[in-house]
Amino acid sequence: MFWKLSFRQPSAIDTLLDKEDCTLYEILDEDDVLQECKTQNKKLIDFLARPEILEQLIVLISQEPQEDVEDKVKFKYPHIACELLTSEVMSIVEQLSSSDHLLSLLWAFLDKSDPLNPLIGSFISKTLAMLLMQKASVIFDYMRSREDFIQSFLVHLGTSAMMDLLLQMVAAPDNDTCRIDLAEWLKEQGIVEKLVDFIHPNADSEQCYNASQALCDMLRLSREAAQMASPTPLLPTLESEETMQRLLGNLFCSESPPDIVVVSGILVLLTALEKRPAAIISPGMMNRASFGPSDHGDTCGGGDSYPGQEQVLTVVVPRMRDFHDLLIRRPNMAPMLTTVGTLNPPLGNTRLQVVRLFSALLQCNNARVAREIVRLKTFTVLMDLFFQYPWNNFLHTQVECCVNAALTSSVVLNAG
């Protein structure tokens, strides 16, 4: 009998909600609104789940406020609105996913060609990612209903939050059937080819880099899924000779490709040449952090090669001359003053990434790679760089990997 009695003191929010003219802004001004929502305050949730209130919340996270408004309108209200929408309260999720009008408001950025505000992009991405986790089939149906969805979405790839949302589309749905159907649809829409085309001298630098990161993460996610015997519709396309040919064609379509294009392209190649991890990650640990780049950023060691890497080597080996030329080309960089002297020119990130690529290629223990390395005399260039930059530990690590790979290789080259 005692436990049936409620001694909970009414909160300030309860008092506000008892007013007939209570507004959303009054609720957002309360410091404990998020806590009350997470503790399932029925009055508050019923208020937030009303269609007109949800519409106001979506407007707050999806539209830029006027310049002359208070800071709390610019930053506090949108942040709290996003937290409320993504609190995974089922009545709010159900209302959002069942209303075409509310979904259209969330996806309204697709109809805009202007660059997306990064903060607004992060709010929209977080909200849609939550809906993908909770109601994947509903979101998928909406995506398929728009003929120009992929093209309109990729216009905003320069905003990193949109890259994160794309990865959520590939990995987030818990339902295997929905995840496979979504991956198959993305494949049919040419998502891989469209991302590769952003790694091009004519592309925006942010779009170029984000496209590269998206391809790398999609490749890792697909390979991990394949190791767990789950169908991966995107993996054959990601590893195909056609995709790699397209990528390398974009990299070297001009005599002096921009550094961002070369680095972005090499990151994709390095991911394609990665070794199989020593231990399989359990399904419960499959999150984006699990598939991020190695902290050391090297290609030494590792397990066996993935089955699709032979196709990658078939395309890359004939282009090794182009990468070799990048090593010997003097970078267009100003002298760099350091505590140990002036570097003129500095090594630069582009040449460092090229050395990483040669290290990864040598780790493949492939006869064609070894013959091309010998023919190009790449080791001579590597050793020259090693001694030219005596304080560059990143370079030295990669050159050491190259030497170790050569000395421990099982490849035997015939004399002459």
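Note that these values count all heavy atoms, side chains included, but never hydrogens, waters or copies made by symmetry. Throughout, numbering of the chain's residues begins at 1 and tracks the sequence.
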Under the criterion side-chain contact (heavy atoms from CB on, under 4.5 Å), I'd like the reasoning laid out for Asp14 against Leu44: C-alpha separation, chi angles, the key distance, then a yes or no.
CA-CA 7 Å; Asp14 289 328; Leu44 176 61; over 6 Å; no
Using the rule given for side-chain contact (heavy atoms from CB on, under 4.5 Å), can you reason through Phe149 versus Gln189, listing the C-alpha separation, both sets of side-chain angles and the distance that settles it, and then say yes or no?
CA-CA 9 Å; Phe149 178 86; Gln189 296 295 309; over 6 Å; no
Check against side-chain contact (heavy atoms from CB on, under 4.5 Å), Leu357 and Leu269
CA-CA 8 Å; Leu357 178 60; Leu269 294 175; 4.1 Å; yes
Assess whether side-chain contact (heavy atoms from CB on, under 4.5 Å) is satisfied between Ile45 and Lys42, documenting all intermediate values.
CA-CA 5 Å; Ile45 291 173; Lys42 188 175 186 309; 5.9 Å; no
Could you walk me through whether Arg146 and Asp111 pass the salt bridge (charged side-chain N to carboxylate O under 4.0 Å, His left out) check?
CA-CA 11 Å; Arg146 292 189 56 132; Asp111 299 319; 2.9 Å; yes
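Shown here is Glu147, whose CD atom has no more than 12 heavy atoms of other residues, nucleotides or ligands within 6.0 Å. The number of heavy-atom neighbours closer than 6.0 Å to CG of Asn332, taken from other residues, nucleotides and ligands shown, is 12 or below. Under a cut-off of 6.0 angstrom, the local environment of NZ in Lys19 is crowded, with over 12 non-hydrogen atoms contributed by other residues, nucleotides or ligands.
Here Ile27 contributes atom CD1 and Cys22 contributes atom SG; the two are 3.5 Å apart, rounded to the nearest 0.5 Å. Once rounded to the nearest 0.5 Å, the distance linking CG of Leu48 with NZ of Lys43 reads 14.0 Å. In this structure, CG on Leu110 lies 9.5 Å from CE on Met143, to the nearest 0.5 angstrom. Interatomic distance, Ile13 CD1 to Glu26 CD, rounded to the nearest 0.5 Å: 11.5 Å. With rounding to the nearest 0.5 Å, the separation of CZ in Arg368 from CG in Leu361 is 10.5 Å. Between atom CE of residue Met169 and atom CD1 of residue Ile191 there is a gap of 8.0 Å, rounded to the nearest 0.5 Å.
Remark: Phe140 pairs with Trp185 by the ring pair (Phe, Tyr, Trp, His ring centres under 6.0 Å) rule, at least two apart or across chains. Residues satisfying the side-chain contact (heavy atoms from CB on, under 4.5 Å) criterion with Asp204, sequence neighbours excluded, are Glu206, Gln207. In this view, Arg321 and His324, Asp325, Arg375, Leu376 satisfy the side-chain contact (heavy atoms from CB on, under 4.5 Å) rule, not counting sequence neighbours. Evaluation of the side-chain hydrogen bond (donor to acceptor under 3.5 Å, both in side chains) rule for Arg329 yields no partner, not counting sequence neighbours. Residues meeting the ring pair (Phe, Tyr, Trp, His ring centres under 6.0 Å) test with Phe252, sequence neighbours left out: Phe323. Residues meeting the side-chain contact (heavy atoms from CB on, under 4.5 Å) test with Gln353, sequence neighbours left out: Val263, Ile266, Leu267, Leu270, Asn349, Arg356. In this structure Glu55 satisfies the side-chain hydrogen bond (donor to acceptor under 3.5 Å, both in side chains) test together with His101, sequence neighbours excluded. Partners of Thr243 by side-chain hydrogen bond (donor to acceptor under 3.5 Å, both in side chains), not counting sequence neighbours, listed by chain and number: Ser240.
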Report all side-chain donor-acceptor pairs from residues 86-93 shorter than 3.5 Å, counting only partners two or more places apart or in another chain.
{"unit_1": "Thr86", "atom_1": "OG1", "unit_2": "Cys82", "atom_2": "O", "d": "2.8"}
{"unit_1": "Ser87", "atom_1": "OG", "unit_2": "Leu84", "atom_2": "O", "d": "2.7"}

Result block: side-chain N/O donor-acceptor pairs under 3.5 angstrom for residues 152-163, not counting sequence neighbours:
{"unit_1": "Ser152", "atom_1": "OG", "unit_2": "Asp148", "atom_2": "O", "d": "3.0"}
{"unit_1": "Ser152", "atom_1": "OG", "unit_2": "Asp148", "atom_2": "OD2", "d": "3.1"}
{"unit_1": "His156", "atom_1": "NE2", "unit_2": "Phe109", "atom_2": "O", "d": "2.8"}
{"unit_1": "His156", "atom_1": "NE2", "unit_2": "Lys112", "atom_2": "O", "d": "2.8"}
{"unit_1": "Thr159", "atom_1": "OG1", "unit_2": "Leu116", "atom_2": "O", "d": "3.3"}

Do any side-chain atoms of residues 57-65 form donor-acceptor pairs under 3.5 angstrom with protein atoms, and if so which ones, sequence neighbours left out?
{"unit_1": "Ser62", "atom_1": "OG", "unit_2": "Ile58", "atom_2": "O", "d": "2.6"}

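Among residue pairs with one or both ends in residues 64-83, those qualifying as ring pair (Phe, Tyr, Trp, His ring centres under 6.0 Å) are Tyr25-Tyr77; sequence neighbours excluded.
The two residues Leu395 and Asn392 have their closest heavy-atom pair at N-OD1, 3.0 Å. Shortest non-hydrogen contact noted between Pro346 and Met336 is CG-CB, 3.7 Å. Pairing each heavy atom of Leu167 with each of Ala214, the nearest pair is CD2-O, 3.8 Å. Taking all atoms of both residues into account, the shortest heavy-atom contact from Lys275 to Cys364 is NZ-CA, 3.8 Å. Annotation for Leu106 and Ile124: closest pair O-CG2, 3.7 Å, computed over non-hydrogen atoms. Closest of all the heavy-atom pairs between Ala226 and Leu235 is CB-CD2, 3.9 Å.
Ion pairing between Asp259 and Arg351 fails under the 4.0 Å rule for side-chain N and carboxylate O. Using a cut-off of 4.0 Å between Lys/Arg side-chain N and Asp/Glu carboxylate O, Asp164 and Lys126 are scored as not salt-bridged. Between Glu94 and Lys135 there is a salt bridge, since at least one side-chain N of the basic residue sits less than 4.0 Å from a carboxylate O of the acidic one. Salt bridge status for Glu70 with Lys76: absent, with no side-chain N to carboxylate O gap under 4.0 Å. In summary, Lys194 and Asp197 do not engage in a salt bridge, as defined by a charged side-chain N under 4.0 Å from a carboxylate O. Here Glu184 does not pair with Arg179 in a salt bridge; the nearest charged N to carboxylate O distance is not below 4.0 Å.
Looking at Asp322 and Leu251, their side chains never come closer than 4.5 Å, going by heavy atoms from C-beta outward. A heavy-atom distance below 4.5 Å is found between the side chains of Glu274 and Arg220. In this structure, Pro51 and Gln95 have side chains that are in contact, with non-hydrogen atoms separated by less than 4.5 Å. Two residues are said to be in side-chain contact when any heavy atoms from C-beta on lie closer than 4.5 Å; Leu221 and Leu234 fail this criterion. Between Glu310 and Asn366 there is a side-chain heavy-atom pair separated by less than 4.5 Å. Looking only at side-chain heavy atoms (C-beta outward), Ser212 and Phe198 stay at 4.5 Å or farther from each other. Put simply, the side chain of Leu128 does not reach to within 4.5 Å of the side chain of Phe123, judged on heavy atoms.
For the pair Thr271 (side chain) and Cys216 (backbone), a donor-acceptor distance under 3.5 Å is absent. Listed for the Ser359 side chain is no donor-acceptor partner under 3.5 Å among the backbone atoms of Val355. Within the 3.5 Å criterion, the main-chain N or O of Glu241 finds no donor-acceptor partner in the side chain of Arg246. With hydrogens and angles ignored, the 3.5 Å screen pairs no side-chain donor or acceptor of Glu36 with any backbone N or O of Asn41. Side-chain atoms of Ser125 do not come within 3.5 Å of backbone N or O of Gly121 as any donor-acceptor pair.
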